Structure formats: C-alpha cells, structure tokens
Amino acid sequence: MSSIKKIGILTSGGDAPGMNAAIRAVVRTAIHNDIKVVGIKRGFEGLVNGEFMDMDAGSVSNIMYRGGTVLLTARCSEMMTEEGQKKASQIYKVLGLDALVVIGGDGSLHGAQALIKYGVNVIGIPGTIDLDLDCTDYTIGFDTAVNTGMDAINRIRDTSCSHERCSIVEVMGRNAGFIALWCGITGGAEEVLIPEKSHIDKDAVVKQILENRCQGKTHNLIIVAEGISGSQELANHIESVTGIGTRATILGHLQRGGIPTATDRMHASMMGYYAVKALIDGRFNRVMVYRGGKYDDLDLDEALDYKREYDDTLYEILKILAI
Ligand code: F6P
C-alpha cells in the first residue's frame, strides 16, 4: 500500500507550453489512484503564502491545448532564503501533503531541492523552453518554442527575400543555444551565434555575409541566441559596413506562448503520469527525465549536479547545410 494520500502540485519560473498537459496528467493519475491533489497557485510564491485550491478530474478539463499554466507561475525570490524555504515547508505540513510535484526549469528544481532538508518529499518535472537541464534530453515546452521560432523565421524570410536584406533573428534560451540551433537548422540560417561557442565577432559575421552574397545568395539569415544578445548592434554594424539593408527582430516572449505541439503534450502527459507512479512506489526527491528514448526518474541532487559537455555536431551540420 502506498503511503501517499495527498499531493501538492505547482508550476514555477518561466511558463512553458505543455505545462497544462503535465498538470492534467498528474491530477488524473493521482485521482485514479485515490490520491487527493492540491493545486498551489503562482509557484513557490503561492506555497509560501498558502494560496491553494483542491483539484479534481474536472478542474483539468480543456486545459491541455492551452499554452501557459492554469496554476499560474512566478519567480519567487523568497524561496532563495532559508526563511522562505521554512515557510514553504510549514505550509506543506499544514496542508497535510505527502509529496510535492514541481514543474519547472533549473531554478524551480533547485527550489524543490532546497525543501528536502525540511522533510518535504518532492518530485520534479522538467518544464522549460530552454532545454537547459543537462540531466534530460527533453524539457517540456522546447518543441513548441522551436516551432513558433521557425514559423516567425519563415515569415521574416519572405520579406527579407523580397527586399534582398539581411535578417537577424534573436531567439530565447537564456544561457543555452538549443533553441537557436534548432531554429537555425529548421529555418535555414547561414549562421547561428550561441553562448556555448562564441561572443559576437561582428567582422566574422560580415565576412560570412559578403562571402555568401558573392556565391549568389540574395538575402541572409542570422540567428542570435538570447545569451549572446546585441542583435540590433549587429544589424547596425552589418548595414553600415556592407550597405546591405539589415533588420533585427527579437522574438522574446512570443516564443514562450502558444498552443503546445503534440510532442510537448506527449512528453508532458508521460512525465506527469510517471511522476505520480514514482511517488506511489515511494521514490521521493527525484526528477523525471527523458533519456535515450525512455522515461526515467533520477535522484534530484545527482541530476542537478550532472553536467553534459557541449557537442558541436548540430552547429557543424548547420554550416554544411548553409553553403
Ligand atoms: O527560462 C525561460 C525563459 O523564457 C528564458 O528563455 C528567458 O531568458 C527567461 O525565461 C525570461 O524570463 P522572464 O519571463 O522572467 O523575463
């Protein structure tokens, strides 16, 4: 018999398309197993302030196709302090929770980790568009963000092509270049600037553009990752040195919203289901991961310590495909 009778669930940090599918999967798997669910609003902020609601199967109807998170989210600075963590763990106890499901990115999983020492049983579900958690091959929201980026690039390409311009498109991703690389390959960019590899070498970019023009390209597309930034300055530099009309577009939060793709809904549904199964089996203080095509749960401390070396393959292929 499982010791789990009541769980809390929250979404924290930047929202990500697919979080709602994960909430739905957690709530319904729990109810199927006679476990009560308490939804905590606004992430850890809601836990610290005791903002919650009881959830039933109906409370997650018609949410899977919606972007964002129905539980709302926040970046909670109080959770960085011992006082905030103690308050959060006290509310957890007052609510009579046996475990807490935390859906979010790196910061949110560190928040969950901080609660373990106060006796909170946690399980994390990776939800961030950035794909910047080394312990897993997938984080919920990434696919939708890349598709949104690719769609925007398609549109920019139309006008860039018509005006024979150079377009700089800056995409989200914090300090990781995955969104940029994927948007670069799927959008047919000739250069991608990512934090893992480079700072902006404006003259190298200019040289590349001039070489490509000499080879017959009539317009150019450069993707800049958020972690590199400086897209407008780069555009100004390219235009002033080459005379080629250059425009910068920063996609920003546009990339974080929207209807989640099937891929995001699928990963979210599976991770939500397996997270509750792990709790029922008594596996606490874990994080759900997708590795080598399989779902698994890893010890949270080990998972957060895990560091993956940057692999240049995608960039190298992008450059070959851009000739
Ligand atoms: O982590 C997701 C993300 O969208 C990053 O790509 C970006 O750097 C950050 O969040 C923006 O955060 P905020 O919405 O708090 O400005």
Side-chain angles (χ1 to χ4, degrees), residues 129-132 137 141-256 258 261 263 308-323:
I129 62 167
D130 302 335
L131 194 62
D132 59 351
D137 297 345
F142 177 72
D143 187 63
T144 308
V146 169
N147 274 285
T148 304
M150 187 186 68
D151 181 58
I153 290 163
N154 289 342
R155 290 160 196 265
I156 289 168
R157 177 181 283 278
D158 285 345
T159 169
S160 183
C161 197
S162 305
H163 285 265
E164 298 176 279
R165 279 177 176 156
C166 171
S167 293
I168 313 290
V169 182
E170 186 173 314
V171 298
M172 269 197 170
R174 202 179 288 277
N175 298 316
F178 295 110
I179 294 179
L181 277 170
W182 278 61
C183 283
I185 291 177
T186 59
E190 57 218 75
E191 184 60 275
V192 174
L193 303 174
I194 55 170
E196 290 86 342
K197 264 187 91 67
S198 53
H199 58 286
I200 285 196
D201 181 347
K202 289 185 190 150
D203 289 331
V205 177
V206 167
K207 185 163 169 269
Q208 171 83 75
I209 289 167
L210 292 175
E211 276 170 11
N212 289 348
R213 290 271 168 161
C214 287
Q215 280 172 11
K217 287 202 187 212
T218 57
H219 65 104
N220 310 88
L221 173 64
I222 314 289
I223 307 293
V224 175
E226 178 189 21
I228 290 274
S229 77
S231 316
Q232 188 56 57
E233 291 78 4
L234 179 63
N236 296 344
H237 183 73
I238 293 167
E239 186 162 307
S240 73
V241 175
T242 65
I244 298 168
T246 305
R247 299 287 185 271
T249 308
I250 299 173
L251 298 186
H253 289 82
L254 180 85
Q255 256 192 302
R256 217 163 74 190
T261 60
T263 298
R308 193 166 31 192
E309 289 258 310
Y310 167 69
D311 177 354
D312 207 31
T313 311
L314 286 186
Y315 181 79
E316 285 165 10
I317 295 173
L318 178 141
K319 294 303 284 181
I320 291 168
L321 302 186
I323 56 174

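What you see is a predicted model; the values in this text were computed from it and never measured.
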Closest approach of Ala248 and Gln232, non-hydrogen atoms and distance?
-> CB-OE1, 3.6 Å
Using atom types as modelled and distance alone, determine if a side-chain donor or acceptor of Arg174 lies under 3.5 Å from a backbone N or O of Gly227.
-> no
Interatomic distance, Ile223 atom CD1 to Leu318 atom CG [nearest 0.5 angstrom] | 9.0 Å
Evaluate the side-chain proximity of Leu221 to Ser160: yes if any heavy-atom separation is below 4.5 Å, no if none is.
-> no
Going by the salt bridge (Lys or Arg N to Asp or Glu O under 4.0 Å) test, which pairs reach into residues 150-170, not counting sequence neighbours?
-> Asp151-Arg155
Closest approach of Cys183 and Val171, non-hydrogen atoms and distance?
-> SG-CG1, 4.3 Å
Let me see the working for Met172 and Leu254 under side-chain contact (heavy atoms from CB on, under 4.5 Å), right down to the final yes or no.
-> CA-CA 9 Å; Met172 269 197 170; Leu254 180 85; over 6 Å; no
Taking all non-hydrogen atoms of both residues into account, name the closest pair between Ile209 and Cys166 and its distance.
-> CD1-SG, 3.8 Å
Should we count CD of Glu309 as having more than 12 external heavy atoms under 6.0 Å?
-> no
Residue pair Asp130 / Phe178, side-chain heavy-atom distance below 4.5 Å = no
How far apart are the C-alpha atoms of Asn147 and Thr261, what are their side-chain angles, what is the distance that settles it, and do they pass the side chain to side chain donor-acceptor pair (under 3.5 Å) test?
-> CA-CA 8 Å; Asn147 274 285; Thr261 60; 5.0 Å; no
Distance in Å, Ile185 CD1 paired with Ile317 CD1, rounded so as to fall on 0.5 Å steps = 6.5 Å
Closest heavy-atom pair and its distance - Ser231, Ile250 = OG-CG1, 4.4 Å
Closest heavy-atom pair and its distance - Val169, Ile153 = CG1-CG1, 4.2 Å
Decide side-chain contact (heavy atoms from CB on, under 4.5 Å) for Asn175 and Asp132; before the verdict, give the C-alpha distance in whole Å, the side-chain angles of both, and the deciding distance to 0.1 Å.
-> CA-CA 8 Å; Asn175 298 316; Asp132 59 351; over 6 Å; no
Indicate yes or no for a side-chain donor-acceptor contact from Glu226 to the backbone of Gly173 under 3.5 Å, with no hydrogens or angles considered.
-> yes
Residue pair Asp137, Arg308: steps toward the salt bridge (charged side-chain N to carboxylate O under 4.0 Å, His left out) verdict = CA-CA 11 Å; Asp137 297 345; Arg308 193 166 31 192; 3.3 Å; yes
Identified side-chain hydrogen bond (donor to acceptor under 3.5 Å, both in side chains) partner of Tyr315 from the options Glu191, Lys197, Glu196 = Glu191
Got Ile238 and Ile168 here, is their nearest side-chain heavy-atom distance under 4.5 Å?
-> yes
Nearest 0.5 Å, what's the NE2-CD1 distance between His163 and Ile244?
-> 15.0 Å
So CG of Asp143 and OG1 of Thr148: to nearest 0.5 Å the spacing works out to 9.0 Å
Rounded distance [0.5 Å steps], CD1 in Ile179 versus CD1 in Ile194 = 12.5 Å
Rounded distance [0.5 Å steps], CG in Leu314 versus CG in Leu181 = 5.5 Å
Return yes if some donor-acceptor pair links the side-chain N/O of Thr159 with the main-chain N/O of Ile156 below 3.5 Å, else return no.
-> no
List the atom of Arg213, the atom of His219, and the distance in Å for their closest heavy-atom pair.
-> NH2-CA, 3.4 Å
